[in-house]
S.K.: 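Structure incoming, see below.
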Amino acid sequence: MDKKKKILMIFTFVLLAVITIILRALYVETSLWYDEACSWFTAVQPFPKGIIDNLLHLDLQHTPLYFFVLHFWMKVFGDSEIAIKSLSLIFGIGTIPLVYTAAKKIADSRLAMISSLLAAVSPILVFFSTEARMYPVVIFLVILSLNFLIDFEQKGDNKSLIKLLAANVLIPYTLVGGILYNISLVLCYGVYLYKESREKFIKYLSGAVVEFVLLIPYFILIVYYAKMRSLFVVKHEGPLIFFNIIDLIRNFFGVSLTPNPYWPEVSPYVITLLFAFLVIVPCVYFVYGLVQGCKISEKFLRVLYCIFFVNFGLAVLCSYFEISIFTVRYFLYLLPPLFILSVIGLSKRLSFKHLNIFVAIFAIASISYNIQQLDVLYHLKFFAFEAVRAEADVLKFTKDDIVIMPLGSEAPYYFRKPGSPRVFNFDFHKEIRNPYNSNYYDESQQKLMDKPAKYGVIYDAVFANTYFSQTHFKYFTQNVNNTVPSGRYALVALYGGDVNAIVNLSDLRKSISSVQDIKERCLDIMLQKYIYDIGYLLAADFDLVKSYTKDNYTYFLFKKR
């Protein structure tokens, strides 16, 4: 390589590193979203028993590795927003050079640079790169696994296989749905090796057996989760619809994202010229690249396409049977490999100039969007959780006051400091769904809440002339009514559309004609009854001072008599 080319390459790498770091660093100072605060709540528990207990009794959906790492990370660096997010930031940044190395091993340095640039500026990858959740970690682990897989294919040595095995074992322990990648890899690559190299197949199969043995605790955990989730009193996961798939592709490959990337979009898109340019055109390009890549004659490359397509198909299948939710964050680990494979496919059909122009436009538009989106993200996250703390400060709340957040109180991150108002420790979605919850259901109710008879129990509770249960009455009274001194306050904060769950009890009863109505609208009815009971229980010792809407919350301020 001559000196001029070497200087150009160094400059390109430096520029790519600067873009990667700056775009992600911009997002590291945002407030914690609800799920991120839940990460803190889990990781701050005693290691390891407290963390495991929280996952087994409240979370019921995540594996522990990320929370173990975050636990010790916070012990060293503290639990500020920047400290918590910086763990994810490291993995978010580290993903980009891994994209380059993987692409270079199966293509060339030019396509590797293009792939890594796309991953560096991708709005959805930037958005989640500082998320205080397990997603940036599992993205890093999957692209690391891809590197080791390529090494094993090219070298066939034990060292590469051991590295591949180690990365693959860590993936499901980081993200419960990451097992879909492992399954896809074993199926597609195993069949390929069986046909191409029996010797290498035997070696790989031996490694797969070791991997399975190491994942036995994982399988025990997800069997437990599956059993518990099958008994849930209420569920809020919506069914899979075709638009969810379109939504994921749009967030994967579009320059702009849906208004709330955390959850599947349900509203139809408004097609404008700008939307076509920022979303439709890049999605068409990337999907076209993936389709064309499947036609490549090189067998191992076709296996890579197969792995990630099968993974995508399994994700759709699991969501169809309501095993998981088809939302972009759960399958984001697919995106960096798909960028590589799409670029390879595009390079076979587009001229060098055409491809460079498309990538340049996508990169410039994405960088611009990421910068413009920063203010939107700040507001989205602030108004999701921290806004309640800000309102408590306005009201001059002290440790004598209490905040009641029916859908967020399990993670009181912004009320953790000494002297802060207390948060009533009860989260509707997490507590109500557990049929054995001893903070909400009476002992007699618990015997029926894991059976179809639960709908009759709920029906009787709604039509009884009292609160849902004696247990909840005691729990609420002991933690709220009996702890707030006379003259101090309780603030009920309802997020977004949850205020629509406020109904008069007589109207709620009129909307229910039979137990079948309970079965069809279980979540809505339970939430309406729960929020009604909060007001009913507070009225025994508190007076309503005022109610008002501010930002994304509706507040109800009560004063203790």
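Along the sequence shown, residues carry numbers from 1. Computation of the quantities below employed the complete heavy-atom set of this structure, encompassing side-chain atoms and omitting hydrogens, waters and symmetry-equivalent molecules.
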S.K.: Without swapping roles, check the side chain of Arg250 against the backbone of Leu257 for a donor-acceptor pair under 3.5 Å.
M.R.: yes
S.K.: Checking the side chain of Ser88 only, and the main-chain atoms of Thr130 only, is there a donor and an acceptor separated by less than 3.5 Å?
M.R.: no
S.K.: Flag yes if more than 12 heavy atoms outside Lys559 fall under 6.0 Å of its NZ atom; otherwise flag no.
M.R.: no
S.K.: Do Asn244 and Ser319 get their side chains close enough for a donor-acceptor pair, meaning under 3.5 Å?
M.R.: no
S.K.: Is a side-chain donor-acceptor pair under 3.5 Å present for Tyr548 with Glu391?
M.R.: yes
S.K.: Can Asp442 and Gln470 be counted as having a side-chain donor-acceptor contact under 3.5 angstrom?
M.R.: no
S.K.: Output yes when Glu81 and Lys381 qualify as a salt bridge under the 4.0 Å nitrogen-oxygen rule, no when they do not.
M.R.: no
S.K.: Is there a donor-acceptor contact under 3.5 Å linking the side chains of Thr483 and Arg422?
M.R.: yes
S.K.: Can you check whether Tyr413 and Phe41 have ring centres sitting under 6.0 Å from each other?
M.R.: no
S.K.: Hey, are Lys85 and Glu36 close enough for a salt bridge, meaning a charged N less than 4.0 Å from a carboxylate O?
M.R.: yes
S.K.: Consider side chain to side chain contact (heavy atoms under 4.5 Å, CB included). Of Asp507, Ile512, Leu508, which one does Lys510 pass it with?
M.R.: Asp507
S.K.: Please state whether the rings of Tyr269 and Phe243 are parallel, tilted or perpendicular, taking 30° and 60° as the class boundaries.
M.R.: tilted
S.K.: Where the side chain of Asn54 meets the backbone of Gly50, is there a donor-acceptor pair that is under 3.5 Å apart?
M.R.: no
S.K.: Taking the basic N atoms (NZ, or NE/NH1/NH2) and the acidic carboxylate oxygens, is any pair closer than 4.0 Å for Asp533 and Lys529?
M.R.: yes
S.K.: Over 60° means perpendicular and under 30° means parallel, so classify the ring planes of Phe385 and Tyr34, tilted if in between.
M.R.: tilted
S.K.: Would you call the rings of Phe326 and Phe331 parallel, tilted or perpendicular, taking 30° and 60° as the class edges?
M.R.: tilted
S.K.: Is the ring centre of Tyr459 less than 6.0 Å from the ring centre of Tyr455?
M.R.: no
S.K.: Among side-chain atoms of Arg133 and Ser39, is any donor-acceptor pair under 3.5 angstrom?
M.R.: yes
S.K.: Would you call the rings of Tyr135 and Tyr330 parallel, tilted or perpendicular if under 30° counts as parallel and over 60° as perpendicular?
M.R.: tilted
S.K.: For the ring pair (Phe, Tyr, Trp, His ring centres under 6.0 Å) test, which of Tyr536, Tyr467, Phe428, Tyr530 pairs with His472?
M.R.: Tyr530
S.K.: Is it true that Lys474 and Ser469 share a donor-acceptor pair across their side chains at a distance under 3.5 Å?
M.R.: no
S.K.: Just to verify, which of Tyr441, Tyr440, Phe424 counts as forming a ring pair (Phe, Tyr, Trp, His ring centres under 6.0 Å) with Tyr475?
M.R.: Phe424
S.K.: Is the number of heavy atoms from other residues, nucleotides or ligands under 6.0 Å of Leu273 CG greater than 12?
M.R.: no
